[in-house]
S.K.: 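What follows is a structure written as structure tokens; I'll ask about it next.
Computed over heavy atoms, backbone and side chain alike; hydrogens, waters and symmetry mates excluded.
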Amino acid sequence: MRIRYVLGSIAWPKEPRRLKSGQLSTDKAQQVMAWQYKAACLADALEMDAETFAAFQERDKAAWGYRLDIWSSSKRQEYALHDAAKLSAQMKVCKGTPPRNPWNCDRCDWQPVCEDDPSGVHVLDSPQVKAARPPTAVGVKYNPRVIHWLNRDKPGRVVSPSELRTWATCQRKWWFEYARRLGIDKSWKGYRSRARGILAHGVAELLLLNWDQHREQYQQPSWRVGADMAGHVDDLGQQFGSELAPTLERIKDEAGPDFSQIDLDEDLRCCLRAGWDMVALAMEGISEVVEVEQRRLLKLDGSNRWISGKPDAILRDMNGAPVVLELKTTASSSLAAMAERYRSNPAVDLYAAMYNQGQPAQQKKETLQ
């Protein structure tokens, strides 16, 4: 099954730098789109440097949005499920606070808490720790009349790819977040990158759900549109303003006391562009959107445990074959290098297996208490 990764950069292109001589800088590392450089040369009646223009054109291919297609074979899916079964079995028998992985602490939100209390026993004494949202109720539909609701209070009973990754990274973090359902307050500085990802994904989801309506205007990514780019982004903001309002409110609620509305307003425009670019790249060579953000379930062989996941979308290519779409956002401009890091990510193999062998999860509006 084909997996399509699309990466989007949360950034806004800058105008070419102007030198004291009145010429435009030929620094090829500038955060400039090729069309901007060409337009600036024409506006000032300057001779365009062909080498610089070509460098910006090449940079555009992987600086704002980037697509990577890989293949999830039946073997990859089989062994991803095998590993998921093993890891979920370990979660099931975990009793008490498990050990940390101190080699990963420098990349963990829980680092300050674990430094204050290396045992993890007194985690609730930290003012940064709070109760997290309870898990979404998911059910298995056996026939039109019978739905079995799975007990998500039992560790390891229903696991997701992100939970498996957390367990493999640090069992202590897993214990806090998935067994005890705790969260940690972040500063706006620490939360801002997550907020950008939430926003860009929200924009992409709305575009995918309404692709037939928006296809004509947004089928080309921003760097190919030229001077109409800003207008397209403003149009997108107006069209999706009401639908994005709950997401913006969620970000404000989660951001903490040092939240900056100015920062959020600045990020919103970048996220609108990134969401548009990701969908434009995702839909090249695609005939239709099959489903968006549909949670699926698959029972792990030889157990009473389940894998649950929600790919960003399932698409169908021109030959009628399904494609798993995964969207990723980053502040980096080296998207090609970033994409290579996802080649061996087993999450997409699990999504493929859930689509091929599983079923859509039944969900309730309320969550389990």
Side-chain angles (χ1 to χ4, degrees), residues 3-14 28-34 36 55-70 104 106-109 161-162 165-166 169 186-208 218 221-224 229 233 236 244 247-248 250-251 254-255 260 263-284 292-293 309-313 324-348 351:
I3 308 296
R4 172 161 285 187
Y5 280 110
V6 181
L7 280 68
S9 174
I10 307 295
W12 192 262
K14 299 177 181 178
K28 300 172 182 60
Q30 294 178 81
Q31 191 173 297
V32 174
M33 291 182 177
Q36 291 176 295
F56 286 148
Q57 284 183 310
E58 189 63 28
R59 184 181 186 275
D60 284 346
K61 295 177 182 178
W64 313 104
Y66 185 79
R67 181 178 64 234
L68 173 69
D69 285 0
I70 64 173
N104 193 64
D106 60 324
R107 296 183 295 273
C108 182
D109 298 332
S162 59
R165 180 187 180 192
T166 301
T169 302
K186 290 186 180 181
S187 66
W188 170 241
K189 181 179 178 181
Y191 180 78
R192 190 177 178 184
S193 61
R194 173 169 166 74
R196 291 168 176 157
I198 291 171
L199 266 177
H201 274 76
V203 172
E205 179 181 348
L206 290 168
L207 267 176
L208 288 166
Y218 296 103
S222 62
W223 63 91
R224 297 180 192 163
M229 181 190 73
V233 169
L236 203 57
L244 286 173
T247 302
L248 292 168
R250 171 193 164 188
I251 289 171
E254 294 180 353
S260 169
D263 287 346
L264 184 60
D265 292 341
E266 177 185 315
D267 290 343
L268 177 58
R269 207 155 185 247
C270 299
C271 292
L272 287 164
R273 186 204 58 74
W276 158 24
D277 283 350
M278 289 192 294
V279 173
L281 291 176
M283 294 305 294
E284 286 187 8
V292 179
E293 295 282 347
K310 190 164 61 172
D312 289 318
V324 175
L325 175 64
E326 271 294 281
L327 305 175
K328 302 292 182 182
T329 56
T330 176
S332 171
S333 60
S334 302
L335 301 187
M338 290 287 295
E340 290 300 319
R341 295 166 56 183
Y342 291 109
R343 278 191 181 273
S344 59
N345 185 355
V348 290
Y351 292 143

S.K.: Test of understanding: with side-chain contact (heavy atoms from CB on, under 4.5 Å), list the residues that count as partners of L206, not counting sequence neighbours.
M.R.: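 side-chain contact (heavy atoms from CB on, under 4.5 Å) list for L206, sorted by chain: F240, E243, L244.
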S.K.: Excluding sequence neighbours, so at least two apart, what forms side-chain contact (heavy atoms from CB on, under 4.5 Å) with D109?
M.R.: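 side-chain contact (heavy atoms from CB on, under 4.5 Å) check on D109 returns I184, K186.
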S.K.: So L68 and L7, side chain to side chain contact (heavy atoms under 4.5 Å, CB included) or not? Walk me through it.
M.R.: CA-CA 8 Å; L68 173 69; L7 280 68; 5.8 Å; no
S.K.: By salt bridge (charged side-chain N to carboxylate O under 4.0 Å, His left out), which residues pair with D263, not counting sequence neighbours?
M.R.: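 Per chain and number, D263 pairs via salt bridge (charged side-chain N to carboxylate O under 4.0 Å, His left out) with R192.
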S.K.: List for me each residue that meets salt bridge (charged side-chain N to carboxylate O under 4.0 Å, His left out) alongside R59, sequence neighbours excluded, and say none if there are none.
M.R.: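 By the salt bridge (charged side-chain N to carboxylate O under 4.0 Å, His left out) rule, R59 matches no residue at all.
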S.K.: Between L325 and P311, is there a side-chain heavy-atom distance shorter than 4.5 Å?
M.R.: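 The answer is no; the side chains never approach within 4.5 Å.
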S.K.: Using a 3.5 Å distance criterion without hydrogens, assess whether the side chain of Y342 forms a donor-acceptor pair with backbone atoms of Y5.
M.R.: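 Answer holds: no.
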S.K.: With sequence neighbours left out, what residues match R165 under side chain to side chain donor-acceptor pair (under 3.5 Å)?
M.R.: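 Per chain and number, R165 pairs via side chain to side chain donor-acceptor pair (under 3.5 Å) with no residue.
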S.K.: To the nearest 0.5 Å, how far apart are CD1 in I10 and CG in L199?
M.R.: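 That separation rounds to 8.5 Å.
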S.K.: Y351: which residues meet the ring pair (Phe, Tyr, Trp, His ring centres under 6.0 Å) condition with it, sequence neighbours left out?
M.R.: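 Listed in chain order: nothing, the list is empty.
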S.K.: Q30: what forms a side-chain contact (heavy atoms from CB on, under 4.5 Å) with it, not counting sequence neighbours?
M.R.: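 For Q30, the residues satisfying side-chain contact (heavy atoms from CB on, under 4.5 Å) (neighbours in sequence not counted) are P16, R17, S25, D27, V32, F56.
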S.K.: Find the distance between CG (L248) and CZ (R250) and round it off to the nearest 0.5 Å.
M.R.: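 It is 11.0 Å, given to the nearest 0.5 Å.
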S.K.: Taking all non-hydrogen atoms of both residues, which atom of A255 and which atom of Y191 are closest, and how far apart?
M.R.: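 So the two residues come closest at CA-CD2, 3.8 Å.
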S.K.: For the CD atom of E254 and the CD1 atom of I251, what is their distance to the nearest 0.5 Å?
M.R.: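 Separation between the atoms: 8.0 Å.
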S.K.: Could you tabulate the donor-acceptor pairs under 3.5 Å formed by side-chain atoms of residues 326-337, not counting sequence neighbours?
M.R.:
{"from": "E326", "atom 1": "OE2", "to": "D312", "atom 2": "N", "distance (Å)": "3.4"}
{"from": "T330", "atom 1": "OG1", "to": "S332", "atom 2": "N", "distance (Å)": "3.0"}
{"from": "S332", "atom 1": "OG", "to": "S334", "atom 2": "N", "distance (Å)": "3.0"}

S.K.: Can you name the residues that form a salt bridge (charged side-chain N to carboxylate O under 4.0 Å, His left out) with E284, not counting sequence neighbours?
M.R.: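 Checked E284 against salt bridge (charged side-chain N to carboxylate O under 4.0 Å, His left out); matches are R67, R224.
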S.K.: I'd like to check the salt bridge (charged side-chain N to carboxylate O under 4.0 Å, His left out) partners of K189; sequence neighbours left out, ordered by chain and number.
M.R.: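 Expected list: none.
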S.K.: Can you tell me how far apart CD (Q36) and CH2 (W223) are? Round to the nearest 0.5 Å.
M.R.: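 Output value for this atom pair is 13.5 Å.
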S.K.: When you compare the side chain of M283 with that of L208, does any pair of heavy atoms fall below 4.5 Å?
M.R.: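 SC-SC contact between L208 and M283 confirmed.
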S.K.: Could you tabulate the donor-acceptor pairs under 3.5 Å formed by side-chain atoms of residues 273-282, not counting sequence neighbours?
M.R.:
{"from": "R273", "atom 1": "NE", "to": "A11", "atom 2": "O", "distance (Å)": "3.1"}
{"from": "R273", "atom 1": "NH1", "to": "D277", "atom 2": "OD2", "distance (Å)": "2.3"}
{"from": "R273", "atom 1": "NH2", "to": "S9", "atom 2": "O", "distance (Å)": "2.4"}
{"from": "R273", "atom 1": "NH2", "to": "A11", "atom 2": "O", "distance (Å)": "3.2"}
{"from": "W276", "atom 1": "NE1", "to": "Y218", "atom 2": "O", "distance (Å)": "3.4"}
{"from": "W276", "atom 1": "NE1", "to": "Q220", "atom 2": "O", "distance (Å)": "2.9"}
{"from": "D277", "atom 1": "OD1", "to": "S222", "atom 2": "N", "distance (Å)": "2.6"}
{"from": "D277", "atom 1": "OD1", "to": "S222", "atom 2": "OG", "distance (Å)": "3.1"}
{"from": "D277", "atom 1": "OD2", "to": "S222", "atom 2": "OG", "distance (Å)": "2.8"}

S.K.: So, using side-chain contact (heavy atoms from CB on, under 4.5 Å) as the criterion, who are the partners of K28 when residues are at least two apart?
M.R.: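 With neighbours one apart ignored, the set is E51, T52, A55.
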